[in-house]
There are 2 protein chains.
Amino acid sequence: MRILLVEDDAALGPELKTSLGKHGYAVDLAVNGVDGEVMGKEDIYDLVILDLGLPDRSGLEVLRNWRAGKNNIPVLVLTARSAWQERVDGFDAGADDYLPKPFHTEELLARMTALLRRANQQITSQLEASGLTLDENTQSVIRDGAEVALTGTEYRLLRYMMHNPGRVLSKLQLVEHMYDDCAENDSNVVEAYIKMLRKKIGHEMISTKRGQGYVFGAAG
Amino acid sequence: MRILLVEDDAALGPELKTSLGKHGYAVDLAVNGVDGEVMGKEDIYDLVILDLGLPDRSGLEVLRNWRAGKNNIPVLVLTARSAWQERVDGFDAGADDYLPKPFHTEELLARMTALLRRANQQITSQLEASGLTLDENTQSVIRDGAEVALTGTEYRLLRYMMHNPGRVLSKLQLVEHMYDDCAENDSNVVEAYIKMLRKKIGHEMISTKRGQGYVFGAAG
DNA sequence: CCCTGAGTTAAGGCTGTCTTAAACATAAGA
DNA sequence: TCTTATGTTTAAGACAGCCTTAACTCAGGG
């Protein structure tokens with residue numbers, strides 16, 4: 001899952017980036033509204049965390065511009081202002097959720113999970129597909145009742161695929177959602193990790209669409 | 001929009017029902033968890049507003065039961081408890097949003113709007129013609145309920161033909177839409193792929209117009 | 001009956017994918 | 001700090017499946 005974090009606070013921004021990174025998110029940080037708005041228009045993010053109190057351009061304005069451009073990426077708004085009118089403004093501008101500062105990281109993570117789940121029409125909080133259950137806490141999967149440990153990169157790849165079951169995902173898409181910033185694409189990391197995942201979760205869980213990409217989902 | 005409101009508070013329940021009614025929502029009120037759970041299983045509500053502090057059955061339990069039964073109706077949770085751990089529990093149980101009491105009606109309305117907006121964004125990218133359904137995600141066709149896998153070139157050919165059912169499509173047209181660059185025309189690629197498609201989707205789906213081209217569509 | 005266009009099939013070549021191993025990075029422990 | 005273990009990335013050869021072609025057969029129309 002690749003996240004865009006728009007936050008000008010020099011302390012909070014990097015701190016959040018680090019702690020979200022530990023939970024398996026690839027995070028790109030924008031420290032002002034103009035950069036953030038441009039980055040948010042790229043079609044590679046699964047979620048945006050947007051601070052309203054930006055120095056150059058109001059977060060609300062950024063959000064309105066996105067929505068005016070038919071960009072409907074899920075946006076979670078952060079703000080120090082706690083007046084309820086401000087929250088309503090945020091929703092009017094097209095926010096999907098709202099979290100007043102200060103907040104606990106656990107609550108931010110919970111709201112992020114809920115938003116991502118909702119964006120993919122998931123029902124339960126645990127991500128489940130084709131007999132696999134992804135455990136967000138231990139970064140592992142349950143398969144046939146047994147827990148299978150995953151490494152960080154394996155977890156990021158599998159989670160993205162399980163969020164999009166039955167869809168063809170190109171190698172470019174997968175790379176973009178596994179890593180932040182870096183843009184290179186002349187390697188075969190995806191193929192290598194697909195191989196490892198298949199070994200761990202069963203070869204039949206991921207099918208290859210030659211020339212198109214990979215599809216997560218049993219049978220086919 | 002029809003809303004299910006599960007709220008035991010004798011004052012707040014009717015009050016909310018009235019004010020939501022003024023905003024154009026049809027609201028059914030359940031005053032306890034058991035009734036609420038049963039009503040929520042009917043497939044008529046667009047959104048549920050669920051109070052956690054119910055006398056007979058915990059709202060969390062109601063929510064878990066719905067989710068266990070594959071009911072994925074959007075649920076907005078209300079609660080008097082403001083501890084952040086409680087919110088995280090709510091999300092884990094499958095809530096889509098969470099609003100601590102006390103709240104302003106405007107904020108509730110704003111969150112309802114955001115939830116409903118997101119719930120209605122179901123994307124169906126399926127093309128149907130003559131009993132075949134083309135699945136753009138998996139690049140396959142459903143025929144008589146069974147999925148038939150297509151290779152890349154087969155898919156491009158069939159997609160173009162299904163986009164133009166009942167029309168005579170010349171071989172030149174077909175080649176041009178199957179390939180990006182090519183200008184050559186001295187091969188029998190089209191005939192070869194028509195053959196493969198007929199084998200996969202049924203001979204009768206594509207009829208030949210001698211000297212003119214092919215027509216997609218059952219019967220003829 | 002001839003000619004033209006369509007159907008059928010199989011073989012070769014090519015491109016993308018799989019697999020393996022080794023180099024590299026990182027974190028934990030002595 | 002050095003060592004060790006674990007995870008990540010790169011590179012290269014093996015492999016498989018798809019694409020394309022070519023040769024032959026078949027059917028329709030004049």
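Chain naming here is simple, since letters A, B, ... match the order of the sequence lines and numbering starts at 1 in each.
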Distances under 3.5 Å only, N/O to N/O: pair up the protein atoms with those of nucleotides 24-29 of chain C.
none

### Message
Please report the distance, rounded to the nearest Å, between OH in A:Tyr179 and P in D:dT8.
### Response
8 Å
### Message
Looking at D:dC18, I'd like to know if its phosphate oxygens (OP1 or OP2) sit under 4.0 Å from a side-chain N or O belonging to B:Tyr155.
### Response
no
### Message
In whole Å, I'd like the distance from the CZ atom of A:Arg156 to the P atom of D:dG7.
### Response
13 Å
### Query
Taking atom C1' of C:dT8 as reference, at what distance in whole Å does atom CG of B:Leu197 sit?
15 Å
#### Entry: Residue-phosphate contact under 4.0 Å: A:Tyr214 side-chain N/O, C:dT17 OP1/OP2
no
### Task
Would you please confirm or rule out a distance under 4.0 Å between OP1 or OP2 of D:dT9 and any side-chain N or O of A:Ser187?
no
### Query
Excluding sequence neighbours, so at least two apart, what forms ring pair (Phe, Tyr, Trp, His ring centres under 6.0 Å) with A:Phe103?
none
### Message
Filter on salt bridge (Lys or Arg N to Asp or Glu O under 4.0 Å), then keep only pairs touching residues 152-163 of chain A, sequence neighbours left out; what's left?
### Response
A:Glu154-A:Lys200
### Message
Among C:dC18, D:dC18, D:dT9, which nucleotide has an atom closest to any side-chain atom of B:Thr151?
### Response
D:dC18
### Message
I'd like to know if A:Lys171 and A:Glu191 make a salt bridge, using a cut-off of under 4.0 Å between side-chain N and carboxylate O.
### Response
yes
### Message
Is there a side-chain contact between B:Lys171 and the phosphate of C:dA6, meaning an N or O under 4.0 Å from OP1 or OP2?
### Response
yes
### Task
Quick one: list whatever passes ring pair (Phe, Tyr, Trp, His ring centres under 6.0 Å) with A:Tyr160, sequence neighbours left out.
A:His177
### Query
Below 4.0 angstrom from OP1 or OP2 of D:dT8, is there any side-chain N or O of A:Thr153?
yes
### Query
Which atom names give the shortest non-hydrogen contact between B:Asp46 and B:Leu116, and what distance separates them?
O-CD2, 3.6 Å
### Query
Does some side-chain heavy atom of B:Ile201 sit less than 4.5 Å from a side-chain heavy atom of B:Leu132?
yes
### Task
To the nearest Å, give me how far apart NZ (A:Lys200) and C1' (C:dT19) are.
17 Å
### Query
Nearest-Å distance, CG (B:Leu150) to C1' (D:dG17)?
15 Å
### Those residues that, when tested against A:Arg57, pass salt bridge (charged side-chain N to carboxylate O under 4.0 Å, His left out) (two or more places apart)
A:Glu37
### Message
So, OP1 or OP2 of C:dC18: does either fall under 4.0 Å of a side-chain N or O from A:Arg198?
### Response
yes
### Query
To the nearest Å, how far apart are A:Ile206 CD1 and C:dT17 P?
14 Å
### Query
D:dG7 C1' sits how many Å from A:Leu158 CG, rounded?
17 Å
### Task
For A:Glu61, enumerate each residue passing the salt bridge (charged side-chain N to carboxylate O under 4.0 Å, His left out) test, keeping only those at least two apart in sequence or located in another chain.
none
Every protein N/O within reach of nucleotides 9-12 of chain C N/O, cut-off under 3.5 Å:
unit_1, atom_1, unit_2, atom_2, d
C:dT9, OP2, B:Lys195, NZ, 3.2

### Query
So, does the side chain of B:Arg210 form a donor-acceptor pair with the base of C:dT4 at under 3.5 Å?
yes
### Query
Can you name the residues that form a salt bridge (charged side-chain N to carboxylate O under 4.0 Å, His left out) with B:Lys209, not counting sequence neighbours?
none
### Message
I want to check one thing: is the phosphate of C:dG16, taken as OP1 and OP2, less than 4.0 Å away from some side-chain N or O of A:Thr208?
### Response
no
### Task
List for me each residue that meets salt bridge (charged side-chain N to carboxylate O under 4.0 Å, His left out) alongside B:Asp51, sequence neighbours excluded, and say none if there are none.
B:Lys101
### Query
Between B:His203 (NE2) and D:dC26 (C1'), how many Å, whole number?
12 Å
#### Entry: Shortest side-chain distance from A:Tyr193, nucleotide among D:dC19, C:dT17, D:dT9
D:dT9
